[in-house]
Amino acid sequence: MKRLAVISIVFILFAYATEVSAQSSSDIRNYIAKYSQIALEQERTYGVPASITIAQGILESGAGKSGLTRNANNHFGIKAFGGWKGPIYQAWDDEPNKSKFRVYASAAESFRDHSLFLKNNSRYRSLFQKSVYDYRGWAIGLQKAGYATAQTYAKALIGFIDAYQLYAINGGVKLRSGATVTIRRPVQTGGNKNKQQQQGRPEFLPEEQMAEDEESEEEKSVKEAVKKFLVEVNDVRCTVLYPGQTLSSVAMKYDIPKQKLLEFNETTREDDFKEGDIVFLEKKKSKFTGAQDFYRVKAGDTVYGISQQFGIKMANLTKMNKLNLFSVLKEGEKLRLK
């Protein structure tokens with residue numbers, strides 16, 4: 001997602017197994033508990049909101065489960081650009097060949113490098129004029145500045161922050177859409193009678209706050225995606241496309257070429273995927289291996305959609321039911337799955 005300057009150092013890692021699963025709610029909560037203090041330290045040192053840092057880490061590292069994070073301590077997908085002198089780890093991204101990513105000695109180093117990336121990049125300069133409690137403004141600003149290609153990136157960050165109360169890490173509150181944060185700056189008079197300003201605690205206007213149990217639209221979207229947590233369909237590894245993700249970010253997370261993902265999902269267009277969709281990480285099966293023998297067609301069903309739902313290759317599904325790829329299915333029609 002980020003583009004800093006390439007170096008040509010080769011580094012070989014003794015990696016763990018590359019198989020990982022989609023992040024579940026428990027994975028996300030464990031990630032928050034483990035790294036919130038590091039994110040808060042980054043906020044105090046560099047001014048990047050802890051809530052934003054953790055939300056980005058959840059999204060970009062698969063809550064710490066991605067191969068890049070496990071093998072290289074790289075939580076934010078920062079590439080080995082910009083005069084990087086350290087070791088590298090190669091993984092698939094959105095490029096024809098494997099991309100080179102930075103390897104860190106610890107998670108803390110990765111979090112610090114992420115803060116410096118934002119702090120030292122002119123395109124994000126205006127964000128540091130916003131309050132660290134204004135997570136909505138930061139999320140929208142990151143997307144507008146081109147931090148990520150996903151059109152739902154800001155929505156995803158806000159959704160994770162609201163759903164998992166990440167705003168509370170630094171003592172903030174849940175903000176309504178369009179809310180701003182008013183900061184009171186008490187004036188202190190020094191011994192030399194020069195007036196000095198010191199930032200005080202935030203003042204949140206009542207109309208800008210949401211109740212903890214009131215769901216934002218972004219929160220609903222994220223919760224719905226997390227509910228669809230999947231590891232396998234029809235004994236085939238898969239994941240769910242979270243808000244803010246693209247097929248390219250799935251490729252990086254699971255270290256699988258994007259072209260292979262398209263092949264496994266029997267499509268040629270990345271745009272065919274939307275949030276909440278199943279993404280297969282291996283080839284689908286020739287028939288359904290579960291207990292169900294037939295499927296009753298619902299309104300709006302397509303051959304492709306059913307093949308994704310049950311993890312069956314389209315060619316096999318159509319052959320079993322004497323259909324073709326362009327067949328219009330009738331509601332109530334019974335399809336064989338094996």
Side-chain angles (χ1 to χ4, degrees), residues 1-20 23 31 34-43 45-50 52-125 127-128 138 142-143 145-150 153 157 244-258:
M1 292 182 181
K2 302 172 246 321
R3 302 291 183 266
L4 292 171
V6 134
I7 89 170
S8 60
I9 298 176
V10 177
F11 181 80
I12 300 177
L13 269 180
F14 292 99
Y16 310 147
T18 58
E19 185 170 329
V20 291
Q23 67 257 41
Y31 188 89
K34 190 172 184 178
Y35 298 112
S36 287
Q37 190 57 42
I38 295 176
L40 191 56
E41 290 168 3
Q42 297 305 305
E43 178 182 302
T45 304
Y46 299 105
V48 181
I52 288 290
T53 298
I54 290 294
Q56 287 187 289
I58 290 168
L59 188 59
E60 297 180 38
S61 76
K65 297 294 185 179
S66 76
L68 180 62
T69 301
R70 293 184 298 113
N71 295 329
N73 275 318
N74 192 327
H75 288 247
F76 303 96
I78 297 183
K79 292 188 176 179
F81 292 0
W84 176 249
K85 303 297 183 184
I88 64 168
Y89 178 79
Q90 296 190 52
W92 292 104
D93 188 16
D94 57 352
E95 298 174 2
N97 300 308
K98 281 194 171 185
S99 298
K100 297 176 181 179
F101 293 89
R102 298 183 180 192
V103 174
Y104 301 101
S106 66
E109 284 190 10
S110 177
F111 275 68
R112 178 177 179 273
D113 206 26
H114 167 260
S115 296
L116 288 171
F117 171 79
L118 295 176
K119 189 74 173 178
N120 296 333
N121 195 319
S122 60
R123 71 165 65 179
Y124 306 116
R125 188 171 297 151
L127 293 178
F128 290 88
W138 269 83
L142 282 168
Q143 181 168 318
Y147 184 92
T149 56
Y153 191 71
L157 295 182
Q245 285 188 325
T246 62
L247 205 63
S248 296
S249 57
V250 172
M252 183 178 74
K253 184 186 295 185
Y254 294 95
D255 199 12
I256 299 172
K258 185 169 69 173

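Computed from a predicted structure; not experimentally measured. Side chains are part of it too, since the values below use all heavy atoms of this structure and drop only hydrogens, waters and symmetry mates.
You'll find the side chain of L157 reaches within 4.5 Å of the side chain of L142, heavy atoms only. Residues I58 and Y35 have side chains not in contact (no heavy-atom distance under 4.5 Å, counting atoms from C-beta outward). Taking the side chain as every heavy atom from C-beta outward, L59 and Y153 approach each other to under 4.5 Å. Residues K258 and L247 form a side-chain contact, since some pair of their non-hydrogen atoms from C-beta on lies under 4.5 Å apart. Side-chain contact check for D255 versus K98: some heavy-atom pair is nearer than 4.5 Å.
The minimum heavy-atom distance between Y31 and S61, with the atom names listed, is CE1-OG, 3.6 Å. The two atoms that bring R70 and G64 nearest to each other are CG-O, 3.6 Å, heavy atoms only. Shortest non-hydrogen contact noted between A251 and P257 is CB-C, 4.4 Å. Closest non-hydrogen pair, G77 versus L68, comes out as CA-CD2, 3.9 Å. Shown here for A50 and E43, the closest heavy-atom pair between the two residues is N-OE1, 2.8 Å. Nearest heavy-atom pair, A80 versus R102, reported as atom, atom and distance to 0.1 Å: CA-CG, 3.7 Å.
Judged by distance alone, the side chains of Y46 and R112 do bring a donor and an acceptor atom under 3.5 Å apart. Under 3.5 Å, the side chains of N74 and Y89 contain no donor-acceptor pair of N or O atoms.
Expressed to the nearest 0.5 Å, how far OG of S99 lies from NZ of K79 amounts to 3.5 Å. Note that OH of Y124 and CZ of F117 are 4.5 Å apart. Values are rounded to the nearest 0.5 Å. Rounding to the nearest 0.5 angstrom, the gap separating the CD atom in E41 from the OG1 atom in T53 is 11.5 Å. Note: K253 NZ to D93 CG = 13.0 Å, rounded to the nearest 0.5 Å. Between the CG atom in L116 and the CD atom in Q42 there is a gap of 7.5 Å [rounded to 0.5 Å]. To the nearest 0.5 Å, atoms CG (N73) and CZ (F101) are separated by 15.0 Å.
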**Report entry** Stepwise side-chain contact (heavy atoms from CB on, under 4.5 Å) check, L118 with F76
**Finding:** CA-CA 12 Å; L118 295 176; F76 303 96; over 6 Å; no
Report task. Under the side-chain contact (heavy atoms from CB on, under 4.5 Å) rule, what do W138 and L127 come out as? Steps first, then yes or no, please. Result -> CA-CA 6 Å; W138 269 83; L127 293 178; 3.8 Å; yes
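Within the 3.5 Å criterion, the main-chain N or O of Y104 finds no donor-acceptor partner in the side chain of S110.
For the side chain to side chain contact (heavy atoms under 4.5 Å, CB included) test with H114, the passing option among Q56, E109, K119, E60 is Q56; the others fail.
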